[in-house]
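Note sheet for the following structure.
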Amino acid sequence: MQSLTYFISTFHCLFRFPALLTRAAESGEIFSNTSYSFFIGKMEEERRQKVVVVGAGPVGSLAALYAANRGHDVEIYELRGDLRDPSTTPLNFTRSINLALSERGLNAMRHANQPRLIDYVKGVTIPMRGRMIHGKRPDGKLYEEAQDYDIHGRSILAIDRGDLNKRLLDMLEEMPNVTFFFNHKLTGADFKRNKAWFEVKDESTYNLRDRAREIEIDFDFMIGADGAHSAVRYHLMKFARMDYQQEYIDTLWCEFQIAPRAESKNKFRISPNHLHIWPGKEFMFIAIPSEDGSFTCTLFAPVAIYELLESDSSQIPSFFDKYFPGVTSLIHPSDLIAQFQSNPHLPLISIKCKPYHFSSSVVILGDAAHAMVPFYGQGMNAGLEDVRILFDILDKHDRMTNDDSSLEASAREIALAEYSAVRMPDAHAINDLALQNYIEMRSSVLSPVYRWRKALEEWLSVYVPSLGWQTKYSRVSFGNERYSEVVKKSDYQGQVLVRTLVGGVGLPMLAGGLFLWFRYKDAVGRAAYGVFYNFMGMVCRTIHGRRR
């Protein structure tokens with residue numbers, strides 16, 4: 001049996017590589033082990049694809065890791081310098097909003113077949129079991145009110161985006177089939193001929209008056225993970241009939257920092273196991289813990305509020321005291337003003353588009369495909385999940401080619417079409433949920449109705465588990481079911497609760513009304529007749545008076 005396999009494999013290789021037949025015959029080694037190994041190596045080499053990843057952030061790095069694990073030659077192109085270099089200018093010229101890592105992101109990393117990555121994440125993250133709502137009572141006393149995310153005790157994880165990114169890049173650097181190209185700006189792409197052009201900026205010798213050097217590359221497959229202002233998406237639009245929608249919401253954000261306690265066993269000034277929220281109804285201030293004991297804080301507010309504070313920065317402390325009580329005891333008023341003035345005030349963009357691919361050549365992931373506002377903490381999680389779903393679909397279609405590389409491009413084209421069809425409704429769903437959750441965080445968390453529904457849904461999930469009842473937040477953050485399915489199930493649960501409420505309150509009232517009617521219908525009838533008679537008399541007198 002082994003000899004038969006060897007014989008078939010050898011001739012399969014000769015059929016695929018006819019130019020090698022003469023060479024093998026002349027050497028007299030057509031059936032030797034050396035020849036067999038050579039042919040097998042050639043076949044495997046032909047199956048290896050050149051995968052180009054544009055964008056070296058967390059999503060692009062994970063996509064590169066998935067591709068490299070499958071034996072492809074991976075090239076990573078990044079607009080900025082090496083993101084592990086402290087001198088590299090961060091995204092948006094600031095530290096990005098601290099990330100909340102949930103089950104979807106963790107699941108995507110588990111499927112990267114890199115146990116060290118999960119071990120690292122577990123070691124550097126801080127579990128946040130819920131929200132901590134801050135406010136002031138009518139008597140002037142400050143209060144903190146904890147709202148757990150999940151009645152089963154599950155937590156989301158606070159993680160520094162930069163640290164996660166560095167770890168992914170370090171792991172990629174250890175792989176022999178991965179090459180980095182930093183300071184490379186994508187300037188053109190032809191997705192029919194699988195060619196791309198990059199401007200190269202050598203930071204050590206670059207002069208503003210110099211014209212950047214341009215290079216041309218070939219590729220089999222390009223993955224665009226280059227953020228909300230994606231160059232890959234821009235060039236993709238020239239080939240795919242893409243529907244595109246973007247919206248800047250009337251909100252800016254600015255970053256602040258609560259410093260850790262000095263020389264103390266407890267470095268944290270407030271609870272490290274909560275996402276802290278100061279809701280202001282039309283705006284809010286949040287704080288997310290960092291491993292060093294500090295908190296990365298963000299002010300989300302309408303443009304008009306920023307313009308007001310920018311016009312007179314001296315009123316910033318009083319504004320915070322009025323709407324975010326207690327913050328000035330955590331951040332000194334002078335530091336509050338300094339951070340507001342020195343840190344950029346940045347917009348929030350929401351992007352939807354479809355499809356995400358063209359032919360077998362290119363696909364976009366993460367913010368390049370579906371940038372969203374940060375209020376559900378799902379931006380990075382959705383991007384990492386994109387990677388897992390994409391490669392699950394690619395693997396499925398790859399197995400269907402029966403290892404025939406001549407079918408690989410056509411199979412990938414079908415796979416990418418399936419990915420766009422499957423992922424688009426889910427990306428649009430979480431995009432909408434993120435916008436809706438801004439209202440919940442800044443206002444609804446104070447509403448008794450919101451708390452009542454959350455408590456009821458959690459009670460049902462614990463005491464009547466057969467119903468499969470969960471809160472929307474639990475489904476999104478602690479599970480892996482499709483975002484679009486989460487929306488459908490949550491809407492259905494809401495309808496059931498409304499019907500139950502109407503049935504529980506309305507039916508007794510109706511029954512009571514019918515009972516009173518039949519019991520006192522004569523008296524009710526006379527009373528109703530009297531009211532009607534007096535009302536008509538008043539109308540007639542009014543009309544008669546007008547005629548006079």
Side-chain angles (χ1 to χ4, degrees), residues 57-63 65-66 96-115 117-122 124-130 149-150 152-161 164-165 167-168 223 225 227 275 288 350-352 356 363-395 419-420 422-437 468 470-490:
V59 174
S61 297
L62 188 68
L65 198 58
Y66 269 66
S96 63
I97 302 170
N98 257 26
L99 299 175
L101 185 61
S102 64
E103 166 58 24
R104 293 173 192 273
L106 286 168
N107 191 43
M109 286 189 275
R110 287 189 204 104
H111 282 76
N113 296 321
Q114 294 285 348
L117 179 59
I118 297 299
D119 292 341
Y120 166 79
V121 167
K122 289 179 179 178
V124 300
T125 52
I126 299 174
M128 297 187 295
R129 62 175 179 266
Y149 287 129
D150 181 61
H152 302 287
R154 292 173 291 188
S155 301
I156 59 175
L157 305 174
I159 189 169
D160 183 277
R161 175 195 173 102
L164 175 61
N165 209 158
R167 183 60 177 171
L168 286 166
I223 298 174
L275 167 66
I288 299 178
S350 176
I351 291 175
K352 295 179 181 178
Y356 299 140
V363 69
I364 52 175
L365 307 176
D367 284 355
H370 46 71
M372 66 190 73
V373 294
F375 304 118
Y376 225 116
Q378 286 295 302
M380 183 188 69
N381 290 287
L384 299 178
E385 187 178 57
D386 286 349
V387 175
R388 179 185 65 80
I389 292 173
L390 170 66
F391 279 89
D392 281 351
I393 294 174
L394 287 172
D395 289 346
Y419 172 77
S420 282
V422 166
R423 196 58 176 158
M424 183 274 294
D426 295 326
H428 288 193
I430 188 56
N431 200 302
D432 293 337
L433 286 175
L435 284 168
Q436 295 166 15
N437 210 49
Q470 294 184 60
T471 64
K472 185 192 298 180
Y473 191 92
S474 291
R475 291 185 188 277
V476 168
S477 297
F478 305 121
N480 291 292
E481 59 186 310
R482 296 180 59 179
Y483 289 119
S484 55
E485 290 298 317
V486 169
V487 172
K488 291 177 183 177
K489 290 178 180 179
S490 179

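Throughout, numbering of the chain's residues begins at 1 and tracks the sequence. What you see below is based on every heavy atom in this structure, not just the backbone, and it leaves out hydrogens, waters and symmetry mates.
Ion pairing between a basic and an acidic side chain is recognised when a charged N comes within 4.0 Å of a carboxylate O; Arg167 and Asp119 show no such pairing. We find that Glu481 and Lys489 are joined by a salt bridge, their nearest charged nitrogen and carboxylate oxygen being less than 4.0 Å apart. Under a 4.0 Å N-O distance rule, the pair Glu103/Arg110 qualifies as a salt bridge.
Rounded to the nearest 0.5 Å, atoms CD1 (Ile126) and CG (Leu101) are 13.0 Å apart. Considering CD1 of Ile118 and CG of Asn107, their distance stands at 8.5 Å, rounded to 0.5 Å. Note that CD1 of Ile156 and CD of Gln378 are 8.5 Å apart. Values are rounded to the nearest 0.5 Å. To the nearest 0.5 Å, the span separating OH on Tyr149 from CZ on Arg154 amounts to 14.0 Å. If you take CZ on Phe478 and CG on Leu106, they are separated by 11.0 Å, rounding to the nearest 0.5 Å. Rounding to the nearest 0.5 angstrom, the gap separating the CG atom in Asp432 from the CG atom in Asn437 is 12.5 Å.
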Residues 363-377, side-chain donor-acceptor partners within the protein, below 3.5 Å, at least two apart:
| unit_1 | atom_1 | unit_2 | atom_2 | d |
| --- | --- | --- | --- | --- |
| His370 | ND1 | Gly366 | O | 3.4 |
| His370 | NE2 | Asp386 | OD1 | 3.4 |
| His370 | NE2 | Asp386 | OD2 | 2.6 |

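Looking only at distances, a side-chain donor or acceptor of Arg482 sits under 3.5 Å from a matching main-chain atom of Val422. Between the side chain of Thr125 and the backbone N or O of Val121 there is at least one donor-acceptor pair closer than 3.5 Å.
The side-chain hydrogen bond (donor to acceptor under 3.5 Å, both in side chains) test with Asp150 singles out one residue from Ser474, Ser155, Ser477, and that residue is Ser474. Partner Ser102 forms a side-chain contact (heavy atoms from CB on, under 4.5 Å) with one of Val476, Asn381, Asn480 and no other, that one being Asn381.
Looking at every heavy atom in both residues, Met424 comes nearest to Tyr356 through CA-OH, 3.5 Å. Across all their heavy atoms, Tyr483 and Arg423 have their closest contact at CE1-NH2, 4.0 Å. Smallest separation of non-hydrogen atoms from Arg475 and Arg104: O-NH2, 3.4 Å. The heavy-atom pair separating Leu384 from Ala108 by the smallest distance is O-CB, 3.2 Å. Heavy-atom minimum distance, Pro58 versus Arg161: CD-NH2, 3.5 Å.
Counting heavy atoms from C-beta on, the side chains of Met380 and Leu164 come closer than 4.5 Å.
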> Run the side-chain contact (heavy atoms from CB on, under 4.5 Å) check on Leu65 and Met109 step by step: do they pass?
Replying inline: CA-CA 10 Å; Leu65 198 58; Met109 286 189 275; over 6 Å; no

